[in-house]
Amino acid sequence: MLIGVHGYESLPALPAVERNLAGLTRAFTDRDLWGLPPSHCTALSQPSSAQDVLDTLNRVALRATDTLVVYYAGHGLIDPYSEELYLALPGSDQERLYSALPFEWMRRAVLDPRIGARHKVVILDCCYSGRALVGGMSGSLQAQVADHALIDGTSLMAASAKTRKALSPPGEEYTAFTGELITVLTEGITDGPSLLDMQTLYRHLYTALAAKARPLPQQRNRNTGGLIALARNRAHPDNRPQPPSEPSPPAPPAPPVPAVDSSPAPEPASAPDTQAVPEPVPEPAPEPQQPAAEPAPSPDAPVRNRAIAVVSAALLVAGVSTTLALLNGSQGESDGKAEGSVTKAAYNAAVGHVLKSGGRKGGTLKFGSAEEADSWDPQRTYSSHVANFARYYTRQLVTYDPKAKGAELTPDLATTRAEVTDHNRTYTYTLRKGVTWEDGSPLTSEDIKYGIERSWARDVISGGPSYLRQALDPDGTYRGPYKDTSAKGLPAITTPDPRTIVFKLPRPDSDFEHMLATVAASPVKKSEDTKAEYGLRPFSSGPYKFRSYEPGTSLELVRNSRWKPSSDPIREARPDRITVSVVDHPDSMDARLLKGDFDLALSTTGLGPQARARALSDSELHTNLDTPRSGLVRYAGFPQTVKPMQNEHCRKAVAYAADHRSLQTALGGTIAGGDLAPNMLPPGIRGADPTFDPYGVLKNGGLPNVTEARKELEKCGRPGGFSTKIAVRNDLPTEVNAAESLRSALAKIGIEAKVEQFDGARSPDIAGAPSEVKKRGYGIVLASWKADFPSGRNFWQWLVDSRQRPPSGNSNVAEIDSPALDKLLDKAAAEPDPGKAAEAGEEITHRVADGAYYLPFVYEKYVSWRGPRLTDVHVSDAYGGYDYVRLGVDGA
């Protein structure tokens, strides 16, 4: 059953959707592909109502005996309160969701026990379609589908991630996702299997869409769902028509493939929408092109993986994904000071120490991951854990010293730190001798320049941070190496000889060497650059190289025999082989970690609640746990455009009235929540002072100071209190709990705060949009933040700079407009002395506290599992988790 909506009363038209239905109908009824009889392929265009869709689906589903396929294309809408996915109908719009079809209803139709089909496939081409994977085929719901519907195999394919818009490129016949699907169905896959099953189709679509820098599909299969075939592979030798050697009578028609109808499976994919939201990091994928009728973001807008208004420990901000979150203070009890080696596994043994130092070489290091990487291309990733891992096959001019107590820069490809001249605007490096690529050719300064230049090709190399572009080309005049083919290239970088590289900044930037320590500054060999497809097989400059990669499934690295240990002072290269396995669901991922299938998780989000509780209560498992700080601070911001938050005394009343101990408990307690935060700047960043306690949070043991709160209410002219709203993402249960905790504490001094949950996927367009915040009356917005580099200026610039307040994706939720703070940021940027730059950051911390613009809750911690086979385990200040390139394993 093919369902499509191309015309709308209130939403933008999607003319390509009508062509999608025609193209898929031709493909499915083609006798050389599937060969469905036309009566077994029902196309429902412009359904009049949800009842129309469900009645038709019911009739079709009951006729299916072997395979049931349901496809939907159109706008995808999200309920801002329940985050439920709705499939738009002709009369639907975001303000009248009751006029759309809840995907849940479609899912229930598939669970009808009367349906006899053994195989079920759902394909969704709409915005946010990946949201269908969150419930439909995961966890207990997956079991429901199998138990109630007796499904032998189910497969759900979504056109985009749960927070991504799908794409309908202007001028193209089909939507981006369906166009590629139709192409592969009708043309086949060279060297592919004889039958195109769902797993094969997904891998091909992922690769094809990644090559065009388009939204990446998502898939989830149950049982044999990945093996469900939809067509013969026309490119396979067995399926190519063979011309007869002599005339012969026409062959009888091929028997039809078992009847297939349309019926929704447990998870869908999304279609083009113009009212969508950018995607957070946990959905790894290159930054999508913008749908028609939506303005593209400025090429100079910072691309950050921060949390704008309620972000989890994972990432997101400004609507994109985060970079090398060179995390500050990942310390626990020892505050990050490496005090030597610990030989026996114990709780928190890798926090502040190196556990089992000096491990042998050999064996296979096994990572597990509950999500695909946003990109293995060093210029495209904005995920801290992916950047940490990418150091296995990439190198940088400078990096972070694995043996230092804090996040201290040290040479990597360069022989020394930069020679800084010309009033702190020129940085000169000399490369080490003997550095080579995986083919044995020498790595040159031109390779480093070319790798950095790739970041300017935004139409091809989407995603990744923007810092280097802003520092080296603030006016955006350079066009990138694919458009500018001149020998000169980016004028700000020169290469006098193969071992010398010079950077000339238009103005001083004290964070510049930190920028060069990110994987975005990795070299790329021009002759090996496959542009948008580079992330499928990067060319190695490190100790490991790609052996195999199946998107969404697995990655394998093996030793790079041309890497020379004498040229690399950083990487230990202990394992012989490194693997990454992508697991369908976070709970399954955790279970396999504790079972021993993997040595550690790729991401730094920590164990989920169930696995965490089990591991903490089990004396044997407990010894393999660490609770590092992630470098992220959880807090509330007070938008000054919403009355009465323009009054600092009203803000201070909230700060004094907050029950920090209760907030800490709501966020997960001292172990999984974090340490009480007396001020905004987290430990581990230069200039941070964990003893600065302006509101007595530590002094009072986290308890509220009601007396001072009432005094501030008097000063703000609201002695009896006031009313406001607390905005919180609905997909973060712990932050919802924190919002309720804050509401309860404020009620005790007469402040009536209503907790209003909003769709977390829409953070950039709701909490990150000043006009929307004002319109909704959000006086308190829960959020979280961490620096991309361990510097106070980098931490503060997005939270307080009045010049960094975009109409959406805004992180300065307090709407701070302070020339004094702007001058301090500029002072820190121009200051070459790290100590003096830190002093400026510390002064900002004090001024922000004085103005009560933000209310810090905790410095976040998480519960991390390290497998018992691991050696040389150490939580790094630079990465907010284990330093991957130091790790080894005991045993083969």
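Computed from a predicted model, the values in this text were never measured in an experiment.
Rounding to the nearest 0.5 angstrom, the gap separating the CG atom in Leu870 from the CG atom in Leu887 is 5.5 Å. Going from atom CZ of Phe539 over to atom CD of Glu528 covers 4.0 Å, rounded to the nearest 0.5 Å. Between the OG1 atom of Thr444 and the CH2 atom of Trp437 there is a distance of 8.5 Å, given to the nearest 0.5 Å. Between the CZ atom in Phe367 and the OG1 atom in Thr579 there is a gap of 8.5 Å [rounded to 0.5 Å]. To the nearest 0.5 Å, the span separating OH on Tyr393 from CH2 on Trp376 amounts to 6.0 Å. To the nearest 0.5 angstrom, Arg220 atom CZ is 5.5 Å from Asp584 atom CG.
For the pair Arg469/Trp456, a side-chain contact is recorded, criterion being any heavy-atom separation below 4.5 Å from C-beta on. Two residues are said to be in side-chain contact when any heavy atoms from C-beta on lie closer than 4.5 Å; Leu431 and Ile448 meet this criterion. Using a 4.5 Å heavy-atom threshold, the side chains of Arg571 and Asp412 count as touching. Proximity of Met157 to Leu205: side-chain heavy atoms (C-beta onward) are separated by under 4.5 Å at one or more points. At a threshold of 4.5 Å between non-hydrogen side-chain atoms, the residues Arg432 and Pro569 count as touching. Taking 4.5 Å as the limit, every side-chain heavy atom of Leu413 sits out of range of all side-chain heavy atoms of Asp568. Side-chain contact between Ser630 and Thr604 is absent, with no heavy atoms from C-beta onward closer than 4.5 Å. A heavy-atom distance below 4.5 Å is not found between the side chains of Thr436 and Trp563.
Judged purely by atom type and a 3.5 angstrom limit, Glu180 has no side-chain atom pairing as donor or acceptor with the backbone of Ala208. Under the 3.5 Å distance criterion, the side-chain polar atoms of Arg869 are matched with a main-chain donor or acceptor of Thr364. Side chain of Arg559 to backbone of Ala573: a donor-acceptor contact under 3.5 angstrom is found. With hydrogens and angles ignored, the 3.5 Å screen pairs a side-chain donor or acceptor of Gln379 with a backbone N or O of Ser522. With Lys356 contributing its side chain and Pro868 its backbone, the two residues share a donor-acceptor pair below 3.5 Å. Using a distance-only test at 3.5 Å, with no hydrogens or angles considered, a donor-acceptor pair links the side chain of Ser541 to the main chain of Arg395. Proximity of a side-chain donor or acceptor of Asp197 to a complementary backbone N or O of Thr200 within less than 3.5 Å is detected. With hydrogens and angles ignored, the 3.5 Å screen pairs a side-chain donor or acceptor of Thr623 with a backbone N or O of Glu620. Judged by distance alone, the side chain of Glu446 and the main-chain N or O of Thr495 form no donor-acceptor pair under 3.5 Å.
Applying the side chain to side chain donor-acceptor pair (under 3.5 Å) test to Gln199 and every residue at least two apart in sequence or in another chain returns Asn221, Thr553. Applying the side chain to side chain donor-acceptor pair (under 3.5 Å) criterion to Tyr534, with sequence neighbours excluded, gives no partner residue. By the salt bridge (charged side-chain N to carboxylate O under 4.0 Å, His left out) test, Arg454 pairs with Asp377, Asp529, sequence neighbours left out. The side chain to side chain contact (heavy atoms under 4.5 Å, CB included) search around Ala611 returns Asp590, Leu594, Leu607, not counting sequence neighbours. With sequence neighbours left out, Val583 forms a side chain to side chain contact (heavy atoms under 4.5 Å, CB included) with Ser588, Met589, Arg592, Phe598. Looking at residues two or more places apart in sequence or on another chain, you find no salt bridge (charged side-chain N to carboxylate O under 4.0 Å, His left out) involving Arg614. With sequence neighbours left out, Phe503 forms a ring-ring contact (aromatic ring centres under 6.0 Å, His included) with Phe512. For Asp872, the salt bridge (charged side-chain N to carboxylate O under 4.0 Å, His left out) partners at least two apart in sequence or on another chain are Arg574. Residues meeting the ring-ring contact (aromatic ring centres under 6.0 Å, His included) test with Trp865, sequence neighbours left out: none. Arg612 meets the salt bridge (charged side-chain N to carboxylate O under 4.0 Å, His left out) test with no other residue; sequence neighbours excluded. Asp439 meets the side chain to side chain donor-acceptor pair (under 3.5 Å) test with Ser441, Lys525; sequence neighbours excluded.
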Intermediate values then yes/no, side chain to side chain contact (heavy atoms under 4.5 Å, CB included), Leu557 and Phe389: CA-CA 11 Å; Leu557 303 183; Phe389 185 91; 3.7 Å; yes
Ser194 and Asn233: CA distance, side-chain angles, deciding distance, side chain to side chain donor-acceptor pair (under 3.5 Å) verdict: CA-CA 5 Å; Ser194 177; Asn233 182 4; over 6 Å; no
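Annotation: Tyr879 is not in aromatic contact with Tyr884 [ring centroid separation under 6.0 Å not met].
Using modelled atom types, one finds a donor on one side chain and an acceptor on the other under 3.5 Å when comparing Tyr467 with Asp788. In summary, the side chains of Tyr882 and His385 do not present any donor paired with an acceptor at a separation below 3.5 Å, with no hydrogens or angles considered. Side-chain N/O atoms of Asp890 and Thr871 include no donor and acceptor closer than 3.5 Å.
Within the structure, the salt bridge (Lys or Arg N to Asp or Glu O under 4.0 Å) test picks out the following pairs touching residues 879-888 (sequence neighbours left out): Arg391-Asp883.
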